[in-house]
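Keep in mind the model is a prediction, meaning the values are calculated, not measured.
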Amino acid sequence: MDRIKEIERELDDLAMEQNPDLDRAVEQIIRKKMRKAAMKTSIAVVLTVVVIFLGISPFVDLFYPNGVKLSEGNSSQMLRLLRAYYETMYPYNEVLGVSAEREGFGCYTLYVNMADHRESITVGNTDVIMELNRGELSVVEDSKGRTVFSAGNFSESEDSKRESERMLSEIKLLPETSCLYLSISAEEAQEIEALNRRMDSDDLRLEWVQVYQPECDFQAGIRMNLCGSSGDADLRQELSAAELKAAYIENLQTLRDNLDLWKSLGMYSGNTMWKPRADFFDELISSAKSTETFETKNYCISGTRDEIIAYLDSVDYVQFTVDKVYYSSFR
């Protein structure tokens with residue numbers, strides 16, 4: 001209102017002076033006032049943006065996990081979490097490293113070095129790009145399919161045994177230099193430590209085991225062959241049953257305690273995708289702690305053609321599936 005009254009007074013002054021160029025003068029006054037108003041608006045907008053970036057953004061960060069801090073160090077919390085997640089649910093995958101960059105407003109980009117043990121392993125590469133967006137992880141780039149869950153490794157049907165026997169006959173026709181990766185479902189549960197000792201060689205290796213806990217709804221696993229070892233607990237071929245169980249329980253505790261971070265990635269077992277829940281991990285941890293045994297019925301192995309054939313001829317299995325075949329150890 002004050003601005004309008006000021007314009008009216010200036011117009012009255014011009015009218016009293018009987019200015020012949022009244023229209024031009026009025027136009028100049030209006031333009032001057034509009035420029036002042038536009039300048040004030042621009043200043044207000046700039047100040048608002050500054051307040052948002054210098055005030056609100058740090059304020060938002062207080063409420064969400066800091067991806068950079070979580071990924072700092074050789075054994076960071078983010079690295080432990082992703083390692084635990086992928087070795088618990090993915091038989092052949094292993095996270096070797098992770099780094100993060102801040103994108104602002106509680107958002108971070110994570111660069112993940114992830115190995116697939118069925119392929120050549122390269123340390124230091126970025127294989128998967130993830131986002132930590134306001135405390136929730138998601139995969140945004142995965143050209144090699146490292147984070148794609150492969151269902152059906154341990155599925156059973158009426159024809160499982162017959163199909164496996166047919167597959168064994170085909171394996172025998174492969175070149176002697178062939179290397180294979182297999183998922184096996186055994187008829188009876190067996191001690192993981194004994195199975196691990198039996199296969200600890202260059203020609204036959206235990207890759208991953210699904211821990212046998214039939215009293216629990218969700219079934220979880222642990223990698224038996226890690227190439228990114230960061231401590232004694234990662235030297236799985238050398239661990240006793242008690243030490244293996246301790247490493248398994250530690251992974252479960254890590255997943256339970258960080259459920260909100262990883263739950264958007266999904267929770268998988270066998271042929272089923274589960275809705276992530278903390279009580280699943282409480283059941284698994286309680287069961288593992290309360291029993292003296294540490295067994296498996298479903299597991300993954302790798303080896304040369306002759307060693308694989310000899311092993312399959314010596315064990316009782318419900319079925320097996322061939323996950324990967326190379327005609328030579330030189331991939």
Side-chain angles (χ1 to χ4, degrees), residues 48-119 121-151 218 220-221 223 226-228 230 250-269 272-278 280-281:
T48 301
V49 171
V50 170
V51 169
I52 290 174
F53 280 92
L54 297 184
I56 296 178
S57 181
F59 186 70
V60 168
D61 285 343
L62 295 176
F63 291 92
Y64 298 105
N66 186 316
V68 173
K69 290 184 178 180
L70 289 175
S71 305
E72 289 178 344
N74 294 328
S75 185
S76 66
Q77 182 179 342
M78 184 62 71
L79 178 59
R80 293 196 305 272
L81 169 61
L82 291 178
R83 283 173 69 86
Y85 173 79
Y86 282 102
E87 78 162 291
T88 297
M89 304 182 206
Y90 287 63
Y92 295 106
N93 293 11
E94 178 185 355
V95 175
L96 302 176
V98 59
S99 60
E101 290 182 358
R102 183 178 182 275
E103 304 295 343
F105 294 92
C107 299
Y108 304 84
T109 298
L110 273 59
Y111 302 94
V112 184
N113 180 197
M114 186 182 299
D116 182 336
H117 278 248
R118 295 167 296 184
E119 301 176 3
I121 296 173
T122 304
V123 178
N125 280 0
T126 295
D127 304 291
V128 176
I129 297 178
M130 295 184 176
E131 283 184 351
L132 178 61
N133 191 345
R134 290 173 171 78
E136 188 173 281
L137 280 169
S138 62
V139 177
V140 296
E141 186 175 324
D142 180 16
S143 60
K144 300 176 182 177
R146 296 282 197 261
T147 62
V148 177
F149 182 79
S150 178
F218 180 77
R223 276 210 60 79
L226 290 169
C227 64
S230 59
E250 183 178 353
N251 282 343
L252 297 177
Q253 291 171 334
T254 298
L255 294 176
R256 179 196 61 192
D257 297 343
N258 296 276
L259 181 67
D260 288 339
L261 272 178
W262 64 263
K263 64 182 180 181
S264 58
L265 296 177
M267 183 170 167
Y268 307 95
S269 179
T272 307
M273 180 176 180
W274 300 73
K275 183 178 180 179
R277 286 171 22 194
F280 284 145
F281 296 97

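The CH2 atom of Trp262 sits 5.5 Å away from atom CG of Leu255, with the distance rounded to the nearest 0.5 Å. Considering NZ of Lys275 and NZ of Lys263, their distance stands at 8.5 Å, rounded to 0.5 Å. The distance from atom OH of Tyr85 to atom CE of Met267, rounded to the nearest 0.5 Å, is 9.5 Å. Interatomic distance, Leu82 CG to Gln77 CD, rounded to the nearest 0.5 Å: 10.5 Å. How far CE of Met273 is from OH of Tyr268: 4.0 Å, rounded to the nearest 0.5 Å. Remark: Leu137 CG to Ser264 OG distance equals 6.0 Å, nearest 0.5 Å.
For the pair Ser76 and Lys69, the minimum side-chain heavy-atom distance is 4.5 Å or more. Side-chain contact check for Met130 versus Val112: some heavy-atom pair is nearer than 4.5 Å.
A donor-acceptor pair shorter than 3.5 Å cannot be found between the side chains of Asn125 and Asn113. For Glu103 and Thr109, the side-chain atoms include at least one donor-acceptor pair closer than 3.5 Å. Side chains of Thr88 and Asn251: a donor-acceptor N/O pair is absent below 3.5 angstrom, by distance only.
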Evaluation steps, side chain to side chain contact (heavy atoms under 4.5 Å, CB included), between Ser269 and Met89
CA-CA 6 Å; Ser269 179; Met89 304 182 206; over 6 Å; no
Apply side chain to side chain contact (heavy atoms under 4.5 Å, CB included) to residues Leu110 and Ile129 and explain how you reach the verdict.
CA-CA 6 Å; Leu110 273 59; Ile129 297 178; over 6 Å; no
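Annotation for Glu250: atom CD does not count as buried by contact number, only 12 or fewer foreign heavy atoms lying within 6.0 Å. Atom NZ of Lys144 has more than 12 heavy atoms from other residues, nucleotides or ligands within 6.0 Å.
Between Arg146 and Glu119, at least one side-chain nitrogen of the basic residue sits less than 4.0 Å from a carboxylate oxygen of the acidic one, meeting the salt-bridge criterion.
Between the side chain of Asn258 and the backbone N or O of Leu261 there is no donor-acceptor pair closer than 3.5 Å. No donor-acceptor pair closer than 3.5 Å links the side chain of Arg102 to the backbone N or O of Val68.
Contact detail for Leu132 and Gly67: the closest heavy-atom pair is CD2-CA, 3.7 Å. Residues Pro65 and Gly135 come closest through the heavy atom pair CD-CA, 3.6 Å. Pairing each heavy atom of Arg277 with each of Leu259, the nearest pair is C-CD2, 4.0 Å. Contact between Arg134 and Cys107 at its shortest, heavy atoms only, is NH1-SG, 3.5 Å. The two residues Ala115 and Leu96 come nearest to each other via the heavy atoms CB-CD1, 3.9 Å.
Under the side chain to side chain donor-acceptor pair (under 3.5 Å) criterion, Asn133 pairs with no residue, sequence neighbours left out. The ring pair (Phe, Tyr, Trp, His ring centres under 6.0 Å) test applied to Tyr90 returns Tyr86, Phe149, not counting sequence neighbours.
The ring of Trp274 has its center closer than 6.0 angstrom to the ring center of Phe280.
Applying the salt bridge (Lys or Arg N to Asp or Glu O under 4.0 Å) rule to pairs touching residues 84-98 yields Arg83-Glu94, Glu87-Arg236, sequence neighbours excluded.
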